[in-house]
Amino acid sequence: MTAPMIVGDPSLPETVTIYEVGPRDGLQNEAAIVPLAAKVEFITRLIGAGLPIVEATSFVHPTWVPQLADAADLVALLPLSGATPLPVLVPNERGLDRALDAGCRHVAIFGSATESFAQKNLHASLDSQFAMFEPVVGRAREAGVDVRAYVSMCFGDPWEGPVPIDQVVSVGTRLLDLGASQLSIGDTIGVGTAAHVAELIGAFATAGVGVERLAMHFHDTYGQALANAYAALRLGITTFDASAGGLGGCPYAVSATGNLATEDLVWMLTGLGIQHGVDLDALVRTSVWMSGVLGKQPASAVVRALS
Ligand code: MG
């Protein structure tokens, strides 16, 4: 079979938006530098496969992520004014300056739900990250640029262990209050389970943040990503982050699997009768091609089953 039998469930959303993170979140975890031309082809093929939004790169300092040091050159070769938004990550004001200079219309900031990860990844305290992001979001909004906010370590932290739900909700609402249009709730180390997902979404609702402002960003490190996505779907979440081929290992665990694979998500959504607009065959061909570029097997179960 090359597609699941469709058995719909009227209690689930009719349409889901897949936010493709492979070129940024996927590639930034790959050690071997991917040539610029291959990155352009990757993004072009993802757009062609029907992904409605593709995060292209990060304007992080090249010292931290050498893989994405070509961000400005890459963006210059992309159709920024096309129908598919191509957001870029901006870690700070310097990154925002570079993104605005490059003509980007959509940016994302990357916050932390925990003190340890804020210190290690942002070189800021949990509380001082908001002062750091405030001018980034403010200046982006002034320039008419949309801002998405990621929150990482929402379901567990490699240094701290469990992360209190109210702490995640506090960080998330403060990032939204800065002016972000959408919050992407990240299970950065993939440890969350389904009822935890439901509890967290419920806590955001209680705090006045509805499902229409939330996206879920699951990792498959412990094999929980699709179960967690299904739990979120049942509560009405309609935006899911995913990475073509499951690209991107987990930098905080010795594991081949990182991001939820876009193909695995597409297979589930198709079977559930949920519209997503993605051509699975074209996407699988893209991931198989990219696995050749990287010289490694795709992590996605669906890509392996279909190729
Ligand atoms: Mg990720």
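Along the sequence shown, the residues carry numbers beginning at 1. Counting starts at 1 for both ligands and their atoms, in listed order.
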query = Are any side-chain N or O atoms of T193 and backbone N or O atoms of H196, one a donor and one an acceptor, separated by less than 3.5 Å?
reply = no

query = Salt bridge or not for R174 and D127, using N-O below 4.0 Å?
reply = yes

ask   = Hey, what's the angle at the Mg ion (ligand 1) spanning OD1 (N259) and NE2 (H217), nearest 10 degrees?
value = 90°

task = Report the relative orientation of the aromatic rings in F42 and W289; use parallel for angles under 30°, tilted for 30 to 60°, perpendicular for over 60°.
result = tilted

request  = Could you tell me which N, O or S atom of H219 is nearest to the Mg ion (ligand 1)?
outcome  = NE2

V197 vs F155 side-chain heavy atoms within contact, under 4.5 Å = yes

Name of whichever N/O/S atom of D25 is nearest to the Mg ion (ligand 1) = OD2

